[in-house]
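Letters A, B, ... are given to chains in the order of the sequence lines, protein chains preceding strands, and every chain is numbered from 1.
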Amino acid sequence: MSEKQKNMTANAPEPAEVRYDPAPIEEKWSALWKADPALYAAEPHTSQRPKYYVLEMLPYPSGALHMGHVRNYAIGDALARHMWMRGFNVLHPMGWDAFGLPAENAAIKNNVPPREWTQRNIEQMKVQMNRLGFSYDWSREVTTCLPDFYRWNQWFFLKLHEMGLAYRRKSKVNWCPECATVLANEQVVNGCCWRHEETTVEQKELEQWFLRTTKYSDELLDGIEKLDGWPERVRTMQRNWIGRSEGALVDFKLDGQAGAAGDTVSVFTTRIDTIYGATSIQLAPEHPLVKEFASAEGDLREQVDELVRQQGKAREAGDIGGIEKHGVFTGRYAVNPFNQEKVPIWAANYILMDYGTGAIMSVPAHDERDYEFAKKYDLEIRVVVLPRSIGQLADEHHAEAPLLPYTEMESLLINSGEFSGLPNDEAIEKMSAHAEKHGFGKKTVTYRLKDWGISRQRYWGTPIPMIYCGKCGVVPVPEKDLPVLLPQQVDITLMGGSPLSRVPEFLNVKCPKCGDAARRETDTMDTFVDSSWYFYRYTSPRAEDRPFDSQAAAYWFPIDQYIGGVEHAILHLIYSRFWTRFMRDLGLVRHDEPAERMFTQGMVIKDGAKMSKNKGNVVSPDDMVARFGADSTRVYSLFATSPDRELEWQDTGVEGVHRFLSRAYRFVMRHTGAARVGHEHGNGSHPRPGAGPGADGIPLPPKVRAVQRKLHQTIQRVTEDFQGRWHFNTSIAAIMELVNELYATEDEIASGKFPATVLAEVQRRLVLLLAPFAPFLAAELWEALGEKGSLLRHLWPEFEPALAKEDEIEYAVQVNGKLRARVVVPAETPEAEVREKALADDKVRATVGDQQVVKVIFVAGKLVNVVVK
RNA sequence: GCCGGGAUGGCGGAACUGGCAGACGCAGCGGACUUAAAAUCCGCAGCCCUGAAAGGGGUGUGGGGGUUCGAGUCCCCCUCUCGGCACCA
C-alpha cells in the first residue's frame, strides 16, 4: 500500500473504531506508576485493615527476565492486586539475590567489576518489571550484595557461632572444577554441578564452615505436618530430604586386640530383629577400622584403596546406586553380642561412610543387597524371620528358604535364641531394650539431612567474619567492626582458591584479641544464606542497627503467600525454615515457620522442552511485550493452564488473549456514554443493576438479563478462584464468556433497550474483574469510564446470588443412564412436575417403550434418570 | 526400587463434593463486510456410520476389570510419562 493510499484510508469519512494498541497505554501507566511508588506502599503496621504479605522469590539479576519470572510475578501480582481490592493492607516487595557466580564469570569474560555488572543488570530488570506493570513497593527494595544487607549475614554468622550453630571442620567437599569452588550437597545434581550440568563434581578435603542445620532435624520434619498450606509435593520432598530413619545402634566387640580405633564396631540397623541372621560385618572402605586393619598389610591396603576409588567414581557419576558390589575380607572378626558368634569383618564399596555409622551388620537372608553380596562371596545365608503362616512350623531346616522380603512385617522370628517365636515388630522393641540393658546398644535415629557447608572459595559473596591468629586461634570479628567489606579491586580468575586470599589489604589484619598480625578468613558465604532471611528485611529495609525490626516482622509475618519455582522446594525452603528457627532461638521472632502458604508454579516450556539457549527455544518477554503488550503476555501466562502445571508456550495463544483484551477494550470504549448517563442518574453513587426488572420496574430484555446473570456468575467464579484453587485459567475463561455475552447485546444497546445504568455497572465491574490480570488495560478503561483514583482501593465487586441465578433450567433426561432428551423448565419448578414432564417426553416414551419403569432418579437442577427393566 | 504428580478432540486445556464430557482459547471450516486482502463481526465443529437435508444411530476421557440408576471423577490391576529420593543399612 502506498503512503497516499494509507492516508486516504485514515481520512475515510467513516471514522475507524478505536483500536486496542497496548503500547501507548502501557507506557503511559507504567510511567505514572513509577513516578508514584506510594501507590503501592503498604500502610504502616498500625493499619486497621488486615495485613497480607505476598512474596515472590527474588530473582538473580542475570540481566533479563525470562518467562518463568513473568509467570511467577504475574501470579503474585494478580494476588496482590486482588487482595488490595479486597481491602487488605498488602506488602508486596521485590529484591535481588545479587551475589553469586555469574557476576564473577561476567567479570572474567568482559572485564567488568561484578558490582557494576550486577547493578547494571538490576537497572535493566527493574525497567522490565515496571514495563510489565508489577506492583512492587520499590521503597522496600533489598539488594543482597550491598553492605547494608550483607553486614547482617555477618552479624547472623557471629550469632550462630556464639550459639554453637556455626563450626569449622575439615571435610570432604564437592568441588566443581568449572566453578573452582565447593558446592553444597544440595547443589550436586546427578554427580554434576547444578550450574554446569556437564561437569562432574570432584571430592576435595578442605577446612569449611558449617551451620548446624541438623540441630533442627526433628523440628523441621515435625513442622512439615503443620504446613497444610504447602503443596504436598514440596512437603514430601522435604520429608525425604530430611530422611529420618528409626533403628538401633549395636556394638560388636572386636575379636583380638584393640587398636587406635577402639575395640568395638558400632553398626546402625533398622532391623535389629534379624541380628541372629547377621553373618558378617560390612564397613565403608573409609571407615577408621578399615584404615587401621589395612595399615599393617600392603595387600589389603591396595584392595581397600581400590574400593575407595570405585565408590568415589560411582559417586562422581551420580550412580552410587548402580555400583557393582565389591568387597574384601579384612582378616578380622567381631562378636555378635546377642549370640556370641564370631562374624568376619569385610570392607565393601557399597557402604557409605556418611550415613549411619558407616558400618552395617550383613543379613543376607533378609536384605537384597546383603544377599547379592553374600552370593558373590559365598557367605552364609541364615533365615531368621518367616511369615507368620510358615513361621509357626519353622525349625532349623528352613535355613535354605529363599530370600524373603526385608520388610515382611507380619512375620515371626526363628533361630533367634530367646527371641524365637516373637512377631518381628515386638522383637524390635524387646531386642533394642535387651541391648540397652546390657550396654551394647540402644534405639536411635539417623537422618539423611547434613549440616550445611556454607564456605565458598569465591569472591562475589559475603565475607565470613572470622580471623585466624597464630596465638589466639579462630577469633570472630567484633560486632563493632562489621561489616567486613568486600574489597572492590580484586583480580578474579577461576584458578586456585579464594580470590580474596590474593588481596593483601583484605587478608592481613590485626588480631582483635592480642593485636598480633593475623589473617582473615578469605572464603565467602553460600548465597543461600542471603535468601534464607531476605524476606524479613523487607519489613524494615532501612533498619541500621539490626537486621530488621522485630515489631514490624511480628506484624507482617508469617508470609501469607509465598510463590516460586518448584526447583527451590528443598534447598531454599529448608534453609529458610532453619533460619527462622534459629532467629526464634535468638529472640528476634516468635514464630517457627516463615510462610503460612506456599505455592510452586509449574515450569514454562516450549516445544516440549525447558527453554534454553542451547535448544534455541527461548521466548523473550521483551519480544512478547513488544508484539502483544504486557497485559496480553501476563494474561496468557495465566490463561494457558493452571499455575501449578507446566506451561507449554504458544505464541498463537498470546495472540488469542490479545484478541480477547482487544474485544473488551473496544466494547467499553464504544459505550463509555453509558457511564456518563449512569453517573447522572446515580447521584455520584454507583447504581446497582436491578434484579430481573430494570430499576424502573420494566423487565430487562432476555439478552440483557443474560449479561447481568453472567456478570454475577463471573464475579463468583473469579472470587472463588482467588480464594481457593487459583485456577486463573478458568477465571479468565469466565471473563471471556462475559465479554462474548456483551457482544451479543449490541442490538439492544443500539435500539436503546439496554438501560444505561445497567450497562454502566456491567462495564465498571468488568474492568474491576480484569484489574488483577491486565492492570494497564483496566486502568485505562477505568479512566475512560470517568472513574478517578487507583483501582487498588477496596473495590472488589460482590456477587449477588439472586442475580446469578438461572431463570430456566434445562434438565437432562436419561434412560438407564443414557441421555435421551432435554426438558426446559422455569427455575422454581417442583420436582414432581419435572419428573412428570420428563416421563411425558416423546423421545423418552419411545425409548422406554413397553419396558417397566423401575424407578426415576431426580437430581435437583441437573437431571432425571429413568431406570427401566 | 520407594514417594509424589500426570495421561481428556488436530493443539493448550474445562468439567468444584460421582450427574448433559470437550467450557474458554488456538488452529480449521462456512458466511457477512471489502474491488481484494488484512482486521472485524456472525456461525459450524470429538470420532464413526446413516441420510439429499433436517435428522437418526453408535462410540468416546491411556488399557483391563469392578462398584453404581449413573464413572473422566470412586475401588483393584496394568501401561506410558514427568518430578523427587535412592545400595540410606
Parallel, tilted or perpendicular: which describes the rings of Phe599(A) and Trp726(A), with under 30° parallel and over 60° perpendicular? tilted
Can you tell me how far C1' of rG1(B) sits from OH of Tyr371(A), to the nearest Å? 18 Å
So, Lys376(A) versus His326(A): side-chain donor-acceptor pair below 3.5 Å or not? yes
For Ile732(A), answer base if it contacts any base atom (sugar-phosphate contacts may also be present), sugar-phosphate if it contacts only those atoms, and nothing otherwise; contact means non-hydrogen atoms under 4.0 Å. nothing
Taking only side-chain N and O atoms of Arg235(A), does any of them lie within less than 4.0 angstrom of OP1 or OP2 on rG4(B)? no
Does Gln238(A) use its side chain to pair, donor to acceptor, with the backbone of Ala569(A) at less than 3.5 Å? yes
Using a cut-off of 4.0 Å on non-hydrogen atoms, how would the nucleic acid contact of Gly656(A) be classed: base, sugar-phosphate, or nothing? sugar-phosphate
Side-chain donor-acceptor contact under 3.5 Å, Glu655(A) with Gln650(A): no
Sugar-phosphate, base or nothing in reach of Gln814(A), heavy atoms under 4.0 Å: base
Assign a letter to each nucleotide of nucleotides 6-15 of chain B from its 5' end: B, base within under 4.0 Å of a protein heavy atom; S, sugar-phosphate only; -, no contact. -----SBSSS
Between rU17(B) and rG55(B), how far is it from one C1' atom to the other, in whole Å? 38 Å
So, OP1 or OP2 of rG57(B): does either fall under 4.0 Å of a side-chain N or O from Lys843(A)? yes
Within a strict 4.5 Å, meaning less than it, do heavy atoms of the Leu283(A) and Trp346(A) side chains meet? no
With a 4.0 Å cut-off on heavy atoms, is Asn740(A) in touch with a base, just the backbone sugar-phosphate, or nothing at all? sugar-phosphate
Is rG9(B) in the syn or the anti form, by the rule that syn lies within 90° of 0? syn
rG5(B) C1' sits how many Å from Glu232(A) CD, rounded? 11 Å
Nearest-neighbour nucleotide for the Arg448(A) side chain, rC85(B), rA27(B), rA89(B) considered: rC85(B)
Is any N or O donor-acceptor pair between the side chain of Asn865(A) and the base of rC69(B) shorter than 3.5 Å? yes
Nearest-angstrom distance, C1' atom, rA7(B) to rC11(B): 15 Å
According to side-chain hydrogen bond (donor to acceptor under 3.5 Å, both in side chains), who are the partners of Thr829(A), at least two apart in sequence or on a separate chain? none
Considering the options Phe773(A), Phe660(A), Trp649(A), which one meets the ring pair (Phe, Tyr, Trp, His ring centres under 6.0 Å) requirement together with Tyr636(A)? Trp649(A)
Looking at Arg663(A), I'd like to know whether one of its side-chain N or O atoms comes within less than 4.0 Å of OP1 or OP2 on rC41(B). yes
Nearest-Å distance once atom C1' is located in both rG9(B) and rA21(B): 11 Å
Hey, is CZ on Arg845(A) packed in by over 12 heavy atoms from elsewhere, all under 6.0 Å? no
Quote, to the nearest angstrom, the C1' distance that separates rU67(B) from rC85(B). 36 Å
Round to the nearest Å and state the distance from Ile735(A) atom CD1 to rA23(B) atom C1'. 15 Å
Parallel, tilted or perpendicular, as decided by the 30° and 60° cut-offs, for the rings of Phe728(A) and Phe722(A): tilted
Examine rC88(B): is either OP1 or OP2 under 4.0 Å from a nitrogen or oxygen in the side chain of Arg369(A)? Give yes or no. yes
According to the Watson-Crick and G-U wobble definition with distances under 3.5 Å, which dot-bracket string, read 5' to 3', encodes RNA chain B, using [ ] for crossing pairs and | for pairs with another strand? (((((((..(((......[....))).(((((.......))))).(((((....)))))..(((((..]....))))))))))))....
Rounding to an integer number of angstrom, what distance separates rC88(B) and rC16(B) when you compare their C1' atoms? 41 Å
Glu324(A) near the nucleic acid: base, sugar-phosphate alone, or nothing, with a heavy-atom cut-off under 4.0 Å? base
Given the C1' atoms of rG62(B) and rG57(B), what is the spacing between them in whole Å? 27 Å
